[in-house]
Structures are given as structure tokens and as C-alpha cells.
Amino acid sequence: MASSATAPNSLSFFSSSLFLSSSHQIPKTYVSVSKLGSGRVSKPLSVASQLATLPIISFEGEKVGETYLDLKTAPEYTARSVVHRAIVTDLQNKRRGTASTLTRGEVRGGGIKPYSQKKTGNARRGSQRTPLRPGGGVVFGPRPKDWSIKINRKEKKLAISTAISSAASAEGGAIVVEEFGEKFEKPKTKDFLAAMKRWGLDPKEKAMFLMIDVDENVAKSSRNIGTLRMLTPRTLNLFDILNSDKLVLTPAAVEFLNARYGVDALEEEDEDDTEEEAEE
């Protein structure tokens, strides 16, 4: 990929700052994590800690402070493959796999020979439900299929934290807005659009909001904006992260991300796994 002087604002998968050359990256501290006490030697899981500083903006649009995101990310040489595998898994698991067609043996009718074998001048035909005739069976058509594929829980979690960290490290890719749930006395899309402009957000660009609790007035005020996605920790997903141009977080959401996807959270998980293996 050709390198550029500044990191792109878009957080799409192929233009995300995480997938640029190493000259554009914030220095990372690599940590190798492997399970202890197991007789089988496996390849350790390599992760990197990436610190990003985000501005805190008030409801009126003024900068009132700064906060940080310290999330674990995949190493530079595996980041693209980890995120790609996770997004392919998410999209493929959404497929219902219910498309179905009927073969010539399943189509109704066709039990009688349509005309005599000889003396008609036509080609020989034994059924009207042949795939060569309209209304006949389908050759090699789709059948019901299970498209679901599996991905390890830790790998999917690492892909989400890698995408968020990439967005936060990009110039202008993420901001933190003070809690604004009680600022909207009644649902009104016009007021929410005005607030977005004060925060430096373009309503024509895709934006993803991550809040711990979404107030009813906020949800109703923002649901008519087609470029906006309002998510909670329960609905946070990789596709909306990669498909957004801007990430908007609240202070509570930042604390959640640091606790859920930070390096400390990874260490706690490994300690729990080690304790479980020791008990077994």
C-alpha cells in the first residue's frame, strides 16, 4: 500500500491507520502470552499495547480535557489477517442459508410423456419438467446450507480492540463527548444534528456512537440519521467500527473499553485460564 504523509480519516478496513506502513505507527510494546502448565507447546499469542490520547469535548463543543485508550492490538504483521478473519466470520455467520431450488425429481408434474416418441418432428422428450423447459427442475441450483464458521473468542476480541485502537490512533478518527443523555428534553433530530456540528461531526459522514446507556430521547433523536449508528457494549461489533468515519465515545465507554480490551484485561483472562487448568 502506498504510504502517505498523514493518516486517513476514514476507518474503512483497507484505509485504517493500523494497516499502513510501520513509519506511521505509534511505538508499541509487544507482549507474548502463552498458557502455562500445559503439556502441549503452542505458538504464543502476540499482542501489542497501543496508547492513544483522545480529546474530551463538552456538550457545547468546547475542549475540556483529555483521556486515553490503552488497548491491546494485534502485531503489525498479523493485524490485517486477524481483522479480516473476524469480519469475514461475522458477515458469513449472518447468512441464513435457506436458498433452495427444486430438481426435476421434486417439481410437480411431468409424469406423462408429452407426445409420441416418433413421427412428430420434435426432439424426443419424456417429461415436461426437464431442466430444458420453463417450469422444469433446476440443475445444480442452491440448496439449504450452513454457512457458519468458527473463530476463537480471544481472536475475535483482539480484532475488535485492534480496530478501535486503529481508529483512535488516526488523526481525528475518534473523540470523547461528555455524557449528554439528559441534555435532550424531548426527541428532536434537529437538536441532535446541531449538537453533532458543535462536536465537529459532519452528518454526511458515517459516525458510530458508543454509549453505556442510550437515553430514550437520544435514541429517538438520532434514529432518523442514516449515517449514524448508536451502539452499546452489548451491540458493539466489528463491522460498524470498520464502516465508520468517526468514533464518538463517552467517558464511561472509554472506561469500559480500557477494562474490557486493555492489556490488564488480557492478563486477568490468562490468570483465570491458568487457574482452571491447575484445578483440572
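At most 12 non-hydrogen atoms from other residues, nucleotides or ligands lie less than 6.0 angstrom from NZ of Lys197. Counting heavy-atom neighbours within 6.0 Å of Asp213 CG, excluding the residue itself, gives a total of 12 or less. Within a 6.0 Å sphere centred on OH of Tyr115, other residues, nucleotides and ligands contribute more than 12 heavy atoms.
When all heavy atoms of Ala159 and Ala86 are compared, the closest pair comes out as CB-CB, 3.4 Å. Taking all atoms of both residues into account, the shortest heavy-atom contact from Ser169 to Ser166 is OG-O, 3.0 Å. Summarising the geometry of Pro233 relative to Phe256, their closest heavy-atom pair is CB-CZ, 3.5 Å, with the distance given to 0.1 Å. Scanning both residues, Leu238 and Ile87, for their nearest heavy atoms gives CD2-N, 3.6 Å. Minimum heavy-atom separation, Ala74 to Ala79: CB-CA, 3.9 Å.
The cluster map of Ile, Leu, Val, Met, Phe, Trp and Tyr, joined by side-chain heavy atoms under 4.5 Å apart, puts Ile160 and Leu71 in the same cluster. Following chains of ILVMFWY side-chain contacts shorter than 4.5 Å, one cannot reach Val176 starting from Met230, and the two form parts of different hydrophobic clusters. Phe59 and Leu247 end up in different hydrophobic clusters when Ile, Leu, Val, Met, Phe, Trp and Tyr side chains are linked at under 4.5 Å. In this structure, Leu242 is a member of the same hydrophobic cluster as Leu249, with clusters built from ILVMFWY side-chain heavy atoms closer than 4.5 Å.
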- Message: Pair Leu228, Met196 - check side-chain contact (heavy atoms from CB on, under 4.5 Å), show working.
- Response: CA-CA 10 Å; Leu228 186 146; Met196 291 180 62; 3.8 Å; yes
- Task: Apply the test side-chain contact (heavy atoms from CB on, under 4.5 Å) to residues Asn93 and Ile149: give CA-CA distance (whole Å), side-chain angles for both, the deciding distance (0.1 Å), then the verdict.
- Result: CA-CA 7 Å; Asn93 287 345; Ile149 54 179; 3.9 Å; yes
- Report the C-alpha separation of Arg260 and Lys157 in whole Å, then their side-chain angles, then the decisive distance to 0.1 Å, and conclude whether the side-chain contact (heavy atoms from CB on, under 4.5 Å) test is met. CA-CA 9 Å; Arg260 172 74 173 171; Lys157 189 176 178 180; 3.9 Å; yes
- Check the pair Val138 / Thr103 against side-chain contact (heavy atoms from CB on, under 4.5 Å), numbers first and verdict last. CA-CA 5 Å; Val138 179; Thr103 64; over 6 Å; no
- Just do the salt bridge (charged side-chain N to carboxylate O under 4.0 Å, His left out) check on Lys63 and Glu66 with the steps written out, would you? CA-CA 8 Å; Lys63 183 177 179 180; Glu66 291 183 345; 3.2 Å; yes
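Annotation: cation-pi pair Lys94/Phe239 present, NZ/CZ under 6.0 Å from the ring centroid and within 45° of its normal.
Under the 4.5 Å side-chain criterion, counting only non-hydrogen atoms from C-beta, Thr78 is in contact with Ser81. Taking 4.5 Å as the limit, some side-chain heavy atom of Arg104 sits within range of a side-chain heavy atom of Ser127. Using a 4.5 Å heavy-atom threshold, the side chains of Leu69 and Ser165 count as separate. Within the 4.5 Å cutoff, side-chain heavy atoms of Glu155 are placed close to those of Arg85. When side chains are defined from C-beta on, Ile57 does not count as touching Val64, because their heavy atoms never get closer than 4.5 Å. Within the 4.5 Å cutoff, side-chain heavy atoms of Leu158 are placed close to those of Lys72. With a 4.5 Å cut-off on side-chain heavy atoms, Glu178 and Thr250 do not count as touching. At a threshold of 4.5 Å between non-hydrogen side-chain atoms, the residues Phe180 and Val218 count as touching.
For the side chain to side chain contact (heavy atoms under 4.5 Å, CB included) with Thr73, the lone residue among Val82, Thr162, Ile164, Val83 that qualifies is Thr162.
Residues Arg198 and Glu60 are not paired through a salt bridge, judged by the lack of any N-O separation under 4.0 Å between the basic side chain and the carboxylate. For the pair Asp191 and Lys186, the salt-bridge criterion is not met [side-chain N within less than 4.0 Å of a carboxylate O]. Between Glu106 and Arg143, at least one side-chain N (NZ, or NE/NH1/NH2) sits under 4.0 Å from a carboxylate O, which counts as a salt bridge.
Side-chain polar atoms of Asn243 and Asp240 form no donor-acceptor pair below 3.5 angstrom.
Under the 30°/60° scheme for interplanar angles, the aromatic rings of Phe192 and Phe209 are found to be tilted.
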